Protein chains: 2
Amino acid sequence: MADPLSRVFSALADPTRRDIVARLAVADATVNELAAPYDVTVQAVSKHLKVLEDAGLVSRSREAQRRPVHLEAEVFDLMTKWIERYRRQAEERYRRLDDVLRAMPDDPPPLEGKPS
Amino acid sequence: MADPLSRVFSALADPTRRDIVARLAVADATVNELAAPYDVTVQAVSKHLKVLEDAGLVSRSREAQRRPVHLEAEVFDLMTKWIERYRRQAEERYRRLDDVLRAMPDDPPPLEGKPS
DNA sequence: ATCGTTGTCAACCGTTCGGTTGCGGAAGAA
DNA sequence: TTCTTCCGCAACCGAACGGTTGACAACGAT
(Lines give C-alpha, C1' and ligand atoms only; values in the text may rest on other atoms or scores of the structure.)
Protein backbone atom coordinates (compact mmCIF):
# COMPACT_ATOMS: atom_id res chain seq x y z
CA MET A 1 0.00 0.00 0.00
CA ALA A 2 2.38 2.68 -1.27
CA ASP A 3 0.19 5.65 -2.09
CA PRO A 4 -0.05 8.43 0.53
CA LEU A 5 -3.81 8.84 0.35
CA SER A 6 -4.40 5.18 1.20
CA ARG A 7 -2.02 5.43 4.11
CA VAL A 8 -3.78 8.46 5.56
CA PHE A 9 -7.30 7.06 5.17
CA SER A 10 -6.16 3.71 6.52
CA ALA A 11 -4.44 5.33 9.50
CA LEU A 12 -7.62 7.18 10.46
CA ALA A 13 -9.83 4.11 9.99
CA ASP A 14 -8.95 3.01 13.53
CA PRO A 15 -10.84 4.58 16.47
CA THR A 16 -7.85 4.43 18.80
CA ARG A 17 -5.67 6.21 16.25
CA ARG A 18 -8.33 8.86 15.67
CA ASP A 19 -8.49 9.39 19.42
CA ILE A 20 -4.72 9.76 19.54
CA VAL A 21 -4.90 12.38 16.80
CA ALA A 22 -7.68 14.16 18.69
CA ARG A 23 -5.57 14.31 21.82
CA LEU A 24 -2.46 15.42 19.95
CA ALA A 25 -4.45 18.29 18.49
CA VAL A 26 -4.65 19.64 22.05
CA ALA A 27 -1.02 19.10 22.98
CA ASP A 28 2.10 17.11 22.18
CA ALA A 29 2.54 14.01 24.36
CA THR A 30 4.89 11.12 25.08
CA VAL A 31 4.11 7.52 24.21
CA ASN A 32 3.40 6.62 27.82
CA GLU A 33 1.05 9.55 28.27
CA LEU A 34 -0.77 8.58 25.11
CA ALA A 35 -1.02 4.94 26.15
CA ALA A 36 -2.34 5.65 29.65
CA PRO A 37 -6.10 5.94 28.90
CA TYR A 38 -6.27 2.75 26.82
CA ASP A 39 -6.19 -0.74 28.25
CA VAL A 40 -3.63 -1.99 25.76
CA THR A 41 0.14 -2.29 26.15
CA VAL A 42 2.49 0.58 25.42
CA GLN A 43 3.94 -1.40 22.52
CA ALA A 44 0.54 -1.51 20.85
CA VAL A 45 0.30 2.27 21.07
CA SER A 46 3.83 2.54 19.73
CA LYS A 47 2.69 0.53 16.72
CA HIS A 48 -0.28 2.84 16.23
CA LEU A 49 2.10 5.79 16.32
CA LYS A 50 4.25 4.16 13.68
CA VAL A 51 1.23 3.84 11.42
CA LEU A 52 0.36 7.51 11.98
CA GLU A 53 3.98 8.47 11.38
CA ASP A 54 4.17 6.50 8.10
CA ALA A 55 1.04 8.34 7.03
CA GLY A 56 2.77 11.64 7.78
CA LEU A 57 0.16 12.56 10.38
CA VAL A 58 2.62 12.59 13.26
CA SER A 59 6.29 13.18 13.95
CA ARG A 60 8.46 11.99 16.82
CA SER A 61 11.34 14.12 17.99
CA ARG A 62 14.07 13.24 20.45
CA GLU A 63 14.26 14.95 23.84
CA ALA A 64 16.49 13.10 26.35
CA GLN A 65 14.92 9.65 26.69
CA ARG A 66 11.43 10.98 25.93
CA ARG A 67 10.02 10.87 22.40
CA PRO A 68 7.42 13.64 22.29
CA VAL A 69 4.84 13.03 19.58
CA HIS A 70 3.64 15.95 17.49
CA LEU A 71 0.65 16.25 15.17
CA GLU A 72 1.38 17.27 11.57
CA ALA A 73 -1.92 18.71 10.45
CA GLU A 74 -0.92 19.60 6.89
CA VAL A 75 -1.58 16.05 5.70
CA PHE A 76 -5.26 16.61 6.33
CA ASP A 77 -5.29 18.74 3.20
CA LEU A 78 -4.57 15.66 1.09
CA MET A 79 -7.86 14.16 2.20
CA THR A 80 -9.99 17.28 2.14
CA LYS A 81 -8.78 18.03 -1.40
CA TRP A 82 -9.74 14.55 -2.57
CA ILE A 83 -13.09 14.59 -0.80
CA GLU A 84 -14.05 18.09 -1.91
CA ARG A 85 -13.28 17.25 -5.51
CA TYR A 86 -15.79 14.42 -5.75
CA ARG A 87 -18.33 16.00 -3.45
CA ARG A 88 -18.43 18.99 -5.77
CA GLN A 89 -18.59 16.77 -8.83
CA ALA A 90 -21.56 14.89 -7.36
CA GLU A 91 -23.33 18.15 -6.47
CA GLU A 92 -22.71 19.42 -9.99
CA ARG A 93 -24.46 16.30 -11.30
CA TYR A 94 -27.48 17.02 -9.13
CA ARG A 95 -27.61 20.57 -10.41
CA ARG A 96 -27.56 19.41 -14.03
CA LEU A 97 -30.13 16.70 -13.30
CA ASP A 98 -32.42 19.38 -11.91
CA ASP A 99 -32.00 21.37 -15.10
CA VAL A 100 -32.89 18.34 -17.20
CA LEU A 101 -35.92 17.61 -15.06
CA ARG A 102 -37.06 21.20 -15.33
CA ALA A 103 -36.69 21.08 -19.12
CA MET A 104 -38.36 17.69 -19.51
CA PRO A 105 -42.12 18.49 -19.47
CA ASP A 106 -41.79 21.13 -22.20
CA ASP A 107 -39.39 19.14 -24.38
CA PRO A 108 -39.86 15.36 -24.25
CA PRO A 109 -36.64 13.97 -25.79
CA PRO A 110 -36.77 10.93 -28.14
CA LEU A 111 -35.79 7.71 -26.38
CA GLU A 112 -32.98 6.84 -28.86
CA GLY A 113 -33.91 4.66 -31.83
CA LYS A 114 -34.75 5.85 -35.32
CA PRO A 115 -37.66 8.27 -35.33
CA SER A 116 -40.63 6.91 -37.32
CA MET B 1 -15.72 -2.13 13.48
CA ALA B 2 -19.15 -0.71 14.17
CA ASP B 3 -18.70 3.06 14.13
CA PRO B 4 -19.62 4.91 10.92
CA LEU B 5 -16.49 7.04 10.78
CA SER B 6 -14.24 3.98 10.82
CA ARG B 7 -16.29 2.39 8.07
CA VAL B 8 -16.04 5.44 5.82
CA PHE B 9 -12.30 5.96 6.32
CA SER B 10 -11.68 2.25 5.91
CA ALA B 11 -13.77 2.11 2.74
CA LEU B 12 -11.76 4.91 1.15
CA ALA B 13 -8.42 3.44 2.23
CA ASP B 14 -8.46 1.22 -0.87
CA PRO B 15 -7.33 2.72 -4.22
CA THR B 16 -9.77 0.63 -6.26
CA ARG B 17 -12.67 1.77 -4.09
CA ARG B 18 -11.58 5.41 -4.33
CA ASP B 19 -11.45 5.01 -8.11
CA ILE B 20 -14.95 3.56 -8.10
CA VAL B 21 -16.16 6.55 -6.08
CA ALA B 22 -14.41 8.89 -8.51
CA ARG B 23 -16.15 7.30 -11.47
CA LEU B 24 -19.52 7.25 -9.74
CA ALA B 25 -19.18 10.98 -9.15
CA VAL B 26 -19.41 11.36 -12.92
CA ALA B 27 -22.30 9.00 -13.51
CA ASP B 28 -24.18 6.05 -12.04
CA ALA B 29 -23.01 2.69 -13.36
CA THR B 30 -23.70 -1.03 -13.23
CA VAL B 31 -21.40 -3.53 -11.53
CA ASN B 32 -20.11 -4.87 -14.86
CA GLU B 33 -19.37 -1.39 -16.16
CA LEU B 34 -17.51 -0.59 -12.96
CA ALA B 35 -15.55 -3.84 -13.08
CA ALA B 36 -14.49 -3.49 -16.73
CA PRO B 37 -11.34 -1.35 -16.28
CA TYR B 38 -9.86 -3.48 -13.49
CA ASP B 39 -8.25 -6.85 -13.99
CA VAL B 40 -10.11 -8.49 -11.14
CA THR B 41 -13.26 -10.57 -11.24
CA VAL B 42 -16.72 -9.05 -11.09
CA GLN B 43 -17.22 -10.71 -7.72
CA ALA B 44 -14.31 -8.80 -6.27
CA VAL B 45 -15.85 -5.52 -7.43
CA SER B 46 -19.18 -6.60 -6.01
CA LYS B 47 -17.43 -7.05 -2.67
CA HIS B 48 -15.90 -3.58 -2.93
CA LEU B 49 -19.34 -2.18 -3.60
CA LYS B 50 -20.69 -3.92 -0.51
CA VAL B 51 -17.99 -2.25 1.57
CA LEU B 52 -18.87 1.14 0.07
CA GLU B 53 -22.56 0.44 0.64
CA ASP B 54 -22.02 -0.51 4.30
CA ALA B 55 -20.15 2.76 4.71
CA GLY B 56 -23.16 4.59 3.28
CA LEU B 57 -21.13 5.95 0.38
CA VAL B 58 -23.14 4.14 -2.27
CA SER B 59 -26.63 2.78 -2.87
CA ARG B 60 -27.81 0.07 -5.24
CA SER B 61 -31.30 0.25 -6.73
CA ARG B 62 -33.12 -2.37 -8.74
CA GLU B 63 -33.89 -1.88 -12.44
CA ALA B 64 -34.81 -5.09 -14.25
CA GLN B 65 -31.79 -7.36 -13.83
CA ARG B 66 -29.41 -4.39 -13.63
CA ARG B 67 -28.31 -2.95 -10.29
CA PRO B 68 -27.30 0.64 -11.01
CA VAL B 69 -24.90 1.95 -8.37
CA HIS B 70 -25.33 5.50 -7.13
CA LEU B 71 -22.96 7.70 -5.13
CA GLU B 72 -24.29 9.10 -1.85
CA ALA B 73 -22.10 12.13 -1.32
CA GLU B 74 -23.63 13.30 1.98
CA VAL B 75 -21.50 10.86 3.98
CA PHE B 76 -18.45 12.88 3.00
CA ASP B 77 -19.59 15.47 5.50
CA LEU B 78 -18.94 13.04 8.34
CA MET B 79 -15.27 13.00 7.43
CA THR B 80 -14.83 16.65 6.62
CA LYS B 81 -16.47 17.60 9.92
CA TRP B 82 -14.06 15.37 11.84
CA ILE B 83 -11.02 16.52 9.93
CA GLU B 84 -11.87 20.22 10.09
CA ARG B 85 -12.37 20.02 13.82
CA TYR B 86 -8.86 18.85 14.59
CA ARG B 87 -7.20 20.78 11.80
CA ARG B 88 -8.63 23.95 13.32
CA GLN B 89 -7.63 22.90 16.82
CA ALA B 90 -4.06 22.29 15.66
CA GLU B 91 -3.96 25.66 13.90
CA GLU B 92 -5.29 27.31 17.04
CA ARG B 93 -2.40 25.77 18.95
CA TYR B 94 0.07 27.25 16.48
CA ARG B 95 -1.54 30.66 16.85
CA ARG B 96 -1.25 30.53 20.64
CA LEU B 97 2.32 29.23 20.39
CA ASP B 98 3.18 32.23 18.24
CA ASP B 99 1.71 34.50 20.89
CA VAL B 100 3.79 32.84 23.58
CA LEU B 101 6.93 33.10 21.50
CA ARG B 102 6.24 36.76 20.81
CA ALA B 103 5.76 37.39 24.55
CA MET B 104 8.78 35.33 25.60
CA PRO B 105 11.72 37.73 25.23
CA ASP B 106 9.98 40.43 27.25
CA ASP B 107 8.54 38.12 29.90
CA PRO B 108 10.59 34.99 30.64
CA PRO B 109 8.14 32.74 32.56
CA PRO B 110 9.31 30.60 35.54
CA LEU B 111 9.85 26.93 34.59
CA GLU B 112 7.42 25.52 37.23
CA GLY B 113 8.75 24.88 40.72
CA LYS B 114 8.22 27.04 43.78
CA PRO B 115 9.39 30.56 43.15
CA SER B 116 12.29 31.51 45.46
C1' DA C 1 -38.92 -23.91 -22.19
C1' DT C 2 -34.36 -22.81 -22.75
C1' DC C 3 -30.54 -19.76 -23.08
C1' DG C 4 -27.54 -15.75 -22.06
C1' DT C 5 -26.74 -11.89 -19.09
C1' DT C 6 -26.26 -9.72 -14.60
C1' DG C 7 -25.21 -10.00 -10.12
C1' DT C 8 -24.86 -12.12 -5.32
C1' DC C 9 -23.52 -15.68 -1.97
C1' DA C 10 -20.36 -19.23 0.02
C1' DA C 11 -16.07 -21.36 0.67
C1' DC C 12 -11.42 -21.15 0.45
C1' DC C 13 -6.47 -19.06 0.35
C1' DG C 14 -2.57 -15.97 1.33
C1' DT C 15 -1.55 -11.48 3.45
C1' DT C 16 -2.21 -7.75 6.49
C1' DC C 17 -3.67 -5.98 11.00
C1' DG C 18 -4.13 -5.25 15.92
C1' DG C 19 -2.83 -7.26 19.80
C1' DT C 20 0.38 -9.85 22.90
C1' DT C 21 5.11 -11.23 25.19
C1' DG C 22 10.00 -10.83 25.50
C1' DC C 23 14.23 -8.56 24.71
C1' DG C 24 17.48 -4.82 24.23
C1' DG C 25 19.14 0.00 23.65
C1' DA C 26 19.51 4.92 25.29
C1' DA C 27 19.74 8.10 28.70
C1' DG C 28 18.97 10.32 33.34
C1' DA C 29 19.41 9.05 38.61
C1' DA C 30 21.82 6.76 42.53
C1' DT D 1 28.97 1.79 37.54
C1' DT D 2 24.58 0.16 38.28
C1' DC D 3 19.61 0.88 38.33
C1' DT D 4 15.43 2.46 36.45
C1' DT D 5 12.57 4.54 33.04
C1' DC D 6 11.09 5.16 28.33
C1' DC D 7 10.60 3.15 24.16
C1' DG D 8 11.36 0.44 19.76
C1' DC D 9 12.10 -4.18 17.54
C1' DA D 10 11.05 -9.16 16.60
C1' DA D 11 8.24 -13.12 16.84
C1' DC D 12 4.02 -14.93 17.33
C1' DC D 13 -1.38 -15.42 17.29
C1' DG D 14 -6.24 -14.90 15.87
C1' DA D 15 -9.25 -12.04 13.10
C1' DA D 16 -10.20 -9.42 9.09
C1' DC D 17 -9.16 -8.30 4.19
C1' DG D 18 -8.75 -8.77 -0.87
C1' DG D 19 -8.70 -11.98 -4.07
C1' DT D 20 -10.12 -16.40 -6.36
C1' DT D 21 -13.51 -20.29 -8.07
C1' DG D 22 -18.02 -22.32 -8.22
C1' DA D 23 -22.92 -22.36 -7.79
C1' DC D 24 -27.27 -20.16 -8.17
C1' DA D 25 -31.16 -16.70 -8.46
C1' DA D 26 -33.48 -13.26 -11.37
C1' DC D 27 -34.73 -11.52 -15.49
C1' DG D 28 -34.96 -10.59 -20.76
C1' DA D 29 -34.57 -12.78 -25.21
C1' DT D 30 -35.39 -16.64 -28.49
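These figures come from a predicted structure and were not determined experimentally. Naming convention: chains lettered A, B, ... in sequence-line order (proteins, then strands); numbering from 1 in each chain.
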Rounded to the nearest 0.5 Å, what separation is found between the [atom1] atom of [X] and the [atom2] atom of [Y]?
X: A:E74; Y: B:E91; atom1: CD; atom2: CD; answer: 9.5 Å
X: A:R60; Y: A:R66; atom1: CZ; atom2: CZ; answer: 16.0 Å
X: B:T41; Y: B:K47; atom1: OG1; atom2: NZ; answer: 8.5 Å

Query - Check: A:L24 main-chain N/O paired with B:R93 side-chain donor or acceptor under 3.5 Å - result: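 Confirmed, B:R93 side chain pairs with A:L24 backbone.
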Query raised in the report: Taking B:T30 for the side chain and B:R67 for the main chain, is one N or O donor matched with an acceptor at less than 3.5 Å?
Result: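 Side chain of B:T30 to backbone of B:R67: no pair is present.
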Query - Sugar-phosphate only, base, or nothing, as touched by B:T30 at under 4.0 Å among non-hydrogen atoms - result: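 If one applies the 4.0 Å heavy-atom cut-off, B:T30 turns out to touch the sugar-phosphate alone, with no base involved.
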Does the side chain of [X] get closer than 4.0 angstrom to OP1 or OP2 of [N] through an N or O atom?
X: A:R60; N: D:dG8; answer: yes
X: B:S46; N: C:dT8; answer: yes
X: B:N32; N: C:dT5; answer: no
X: B:H48; N: D:dC17; answer: no

Query raised in the report: Of the candidate nucleotides C:dG7, C:dG18, D:dC7, which contains the atom at the shortest distance from the side chain of A:R17?
Result: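 Between C:dG7, C:dG18, D:dC7, the one nearest the side chain of A:R17 would be C:dG18.
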Query raised in the report: If you check every side-chain atom of B:V31, which of D:dC7, C:dT8, C:dG18 has the closest atom?
Result: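 Comparing D:dC7, C:dT8, C:dG18 against the side chain of B:V31, the answer is C:dT8.
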Rounded to the Å, how far apart are [X] [atom1] and [N] [atom2]?
X: B:K50; N: D:dG19; atom1: NZ; atom2: C1'; result: 17 Å
X: A:D14; N: D:dA15; atom1: CG; atom2: P; result: 18 Å
X: B:I20; N: C:dG7; atom1: CD1; atom2: P; result: 13 Å
X: B:L49; N: C:dT8; atom1: CG; atom2: P; result: 7 Å
X: B:R67; N: C:dT6; atom1: CZ; atom2: C1'; result: 10 Å
X: B:L52; N: D:dC17; atom1: CG; atom2: P; result: 13 Å
X: B:D54; N: D:dA16; atom1: CG; atom2: P; result: 14 Å

Query raised in the report: Within a strict 4.5 Å, meaning less than it, do heavy atoms of the B:L57 and B:L12 side chains meet?
Result: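 Yes. Closest side-chain heavy atoms under 4.5 Å.
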Requested in this report: Just say parallel, tilted or perpendicular for the rings of A:F76 and B:W82, cut-offs at 30° and 60°.
Outcome: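 Rings of A:F76 and B:W82: perpendicular, as their planes differ by over 60°.
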Report task. Give the B/S/- string for nucleotides 20-30 of chain C, one per nucleotide from 5' to 3', where a protein heavy atom under 4.0 Å of the base yields B, of only the sugar-phosphate yields S, and otherwise -. Result -> BBB----SS--
